[in-house]
Amino acid sequence: MLKRITNLFDKKNTKLSPSVVDAGLYSLKPNMVSKDARRVVETLQRAGYEAYVVGGSVRDLLLNIIPKDFDVATSAEPSEIKALFRRSRIIGRRFQIVHVQFSRELIEVTTFRSNEESDLGSNDKGSGLRQQSQSGMLTRDNVFGNVSEDASRRDLTVNALYYDPSDNTIHDFTDGLSDIDNRTIRMIGIPSTRYREDPVRLLRVARFAAKLGFSIESKTAKPMRNLCSDLRHVSPPRFFDETLKLFMSGYGAATYALLREYQLFDYIAPQASRLAKDGSSNANQLFEQAFINTDLRISSNKRVTPAFIYAALLWPAVEKLASHYRSQGHSPNYAQGKAASEVIAKQITITAIPKRFTIPMREIWDLQLQLPRRGGQRAKRLSEHPRFRAGYDFVLLREQAGEDLDGLGDWWTKYQEVSPEEQLKMSEAMGNSGKKRRRHRGPKKKKQTDN
Ligand code: ATP
Ligand code: MG
């Protein structure tokens with residue numbers, strides 16, 4: 001299938017020679033790229049710059065997947081790009097890019113960058129364009145380069161394909177096309193160095209292997225387990241964003257399996273990971289089921305929220321700690337509230353879950369205590385709770401994962417289906433349990449029976 005048309009020799013960089021391939025051989029046509037992305041490429045090329053559609057969109061088009069968005073790479077520098085497009089702005093510090101806004105989409109335009117230490121002249125070293133921490137991590141990355149250098153600083157060969165819609169060619173500097181053909185995830189360069197530069201690449205390998213159903217090439221896979229502790233150096237806000245890509249792009253279950261296989265999950269959610277490994281609880285089933293359900297919701301275009309996923313991932317840890325506090329004599333409500341605060345506090349030192357998600361997480365957990373107490377007026381009140389739907393879905397999830405909640409899920413399913421008269425009968429049949437709620441904060445001697 002691979003048929004090289006020309007083999008150009010890049011004079012400046014002798015290490016990589018681009019292969020220019022007729023994109024038609026891969027059934028790629030310029031009109032598969034969005035109009036706006038094509039316009040950006042054309043405008044840049046007309047102004048005398050090199051420009052290509054690059055990254056995930058080219059990879060996805062080659063695999064018959066509809067791309068999420070289109071990125072453009074160019075020889076123009078950020079200020080030069082900005083000067084060409086009216087609605088554009090330069091963003092980022094670590095890695096400056098230009099956002100060009102169109103009415104329907106946003107195109108990210110990046111200047112070709114270099115990853116070569118040898119490219120750093122003595123003047124550049126102190127210039128602050130490229131900074132590296134002690135562990136080898138890149139903290140700033142604004143050294144510009146040519147297109148082949150840009151290819152070699154990208155993560156995976158399948159993510160480093162440059163498509164030129166003007167002549168319908170693919171420029172392949174890293175043998176990405178044969179990795180597409182062989183369904184292989186391969187890190188560009190020396191994998192261990194690339195992981196040290198940016199440990200997020202460990203997560204990206206797992207994510208793309210899961211999403212594309214590709215296998216991870218052995219040299220790319222080998223250093224992963226040894227280096228996963230470097231994930232500790234990833235900033236919590238960036239780490240949180242990366243976990244959303246792992247969990248919420250429709251391949252969560254497959255991704256979770258790889259994250260566990262490569263021990264990455266230990267560093268994403270240590271409290272969850274410890275319990276998933278400990279066969280005495282159903283934590284692993286709960287996580288797997290949560291990802292299966294999330295994937296299904298995404299494939300049927302239903303809304304998903306990080307709050308629900310993180311609620312599932314941290315629930316076993318919350319339950320375990322709450323049971324410890326109950327055994328000290330605290331009431332179930334107090335014990336769970338305290339456990340929730342402590343478990344969340346630990347997790348956000350790793351992945352900075354914003355408050356707009358931790359608040360609903362706590363509400364979902366709270367409802368796990370409330371939903372069994374459905375006698376008298378409580379059922380109606382609970383069904384009107386703004387978080388009822390998520391709390392109820394969480395009950396179903398727990399039951400699907402093997403927990404015996406004494407038919408709680410079925411009861412609430414039926415409750416939502418029957419007439420108001422029937423609902424009243426159902427809640428009356430449950431008695432008035434939970435009507436009088438005792439306020440209790442401190443430890444007490446006798447075991448409390450709240451339910
Ligand atoms: P997605 O479909 O998830 O958007 P993508 O491949 O487009 O996948 P992005 O995160 O949008 O991924 O990044 C765009 C491109 O930038 C990638 O294809 C890759 O070439 C490069 N890239 C992104 N993150 C890194 C990284 N951490 N290290 C090296 N290159 C990266
Ligand atoms: Mg992308």
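One-based numbering, in listed order, for ligands and for the atoms of each. Below, each value reflects all heavy atoms present in this structure, side chains not excepted, and no hydrogens, waters or symmetry copies. Along the sequence shown, the residues carry numbers beginning at 1.
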Which option out of Leu161, Val158, Asp155 puts a heavy atom nearest to atom 30 (N) of ligand 1?
Asp155
Identify the protein heavy atom lying closest to atom 27 (N) of ligand 1, giving its residue, its atom name and the separation to 0.1 Å.
Asp198 OD2, 2.8 Å
Atom 4 (O) of ligand 1: nearest protein contact (heavy atom, Å)
Lys68 NZ, 3.0 Å
For atom 2 (O) of ligand 1, what's the nearest protein heavy atom and its distance?
Arg59 NH2, 3.0 Å
Under 3.5 Å, is there a donor on one side chain and an acceptor on the other for Glu197 and Tyr195?
no
Can you name the atoms of ligand 1, numbered from 1 with element, that are less than 4.0 Å from a heavy atom of Gly56?
5 (P), 6 (O), 7 (O), 18 (O)
Using distance alone, with no hydrogens and no angle criterion, decide if Gln400 and Asn293 have a side-chain donor and acceptor under 3.5 Å apart.
yes
Check ligand 1 against Gly55 and write out every atom of the ligand that is under 4.0 Å from a heavy-atom position of the residue.
18 (O)
If you measure every N or O of Ser57 against every N or O of ligand 1, does any of those distances drop under 3.5 Å?
no
Between Phe208 and Phe214, ring centroids under 6.0 Å:
no
For Thr220, is there any backbone N or O sitting under 3.5 Å from a side-chain donor or acceptor partner on Arg186?
no
Kindly check if the number of other-residue, nucleotide or ligand heavy atoms within 6.0 Å of CD1 (Ile190) is above 12?
no
Report yes or no: does Gln336 contribute a side-chain atom to a donor-acceptor pair with the main-chain N or O of Asn333 at less than 3.5 Å?
no
Consider every N or O of Arg204 and every N or O of ligand 1, then say whether any pair is closer than 3.5 Å.
yes
With a 3.5 Å cut-off and no angle check, do the side chains of Asp179 and Thr157 form a donor-acceptor pair?
yes
Which residue and atom name correspond to the protein heavy atom nearest atom 18 (O) of ligand 1, and how close is it?
Asn159 CB, 3.2 Å
Only heavy atoms of Lys211, strictly under 4.0 Å: list the atoms of ligand 1 that pass.
2 (O)
Just by modelled atom types, is the Pro67 backbone N or O under 3.5 Å from a matching donor or acceptor in the Ser57 side chain?
no
Should the heavy atoms of other residues, nucleotides or ligands under 6.0 Å from CZ of Arg39 be counted, would the total exceed 12?
no
Do any nitrogen or oxygen atoms of Arg194 lie less than 3.5 angstrom from nitrogen or oxygen atoms of ligand 1?
no
Return the residue, atom name and 0.1 Å-rounded distance of the protein heavy atom closest to atom 21 (C) of ligand 1.
Arg154 NH1, 3.5 Å
Among Asp71, Asp60, Leu212, closest by heavy atom to atom 14 (C) of ligand 1 is Asp71
Identify the two heavy atoms, one from Ala390 and one from Phe308, that lie closest to each other, and give their separation to 0.1 Å.
O-CE1, 3.5 Å
The protein heavy atom nearest to atom 28 (N) of ligand 1 is Arg201 NE, 2.7 Å
If you count the atoms of ligand 1 from 1 in the order shown, which ones are under 4.0 Å from a heavy atom of Arg207?
3 (O)
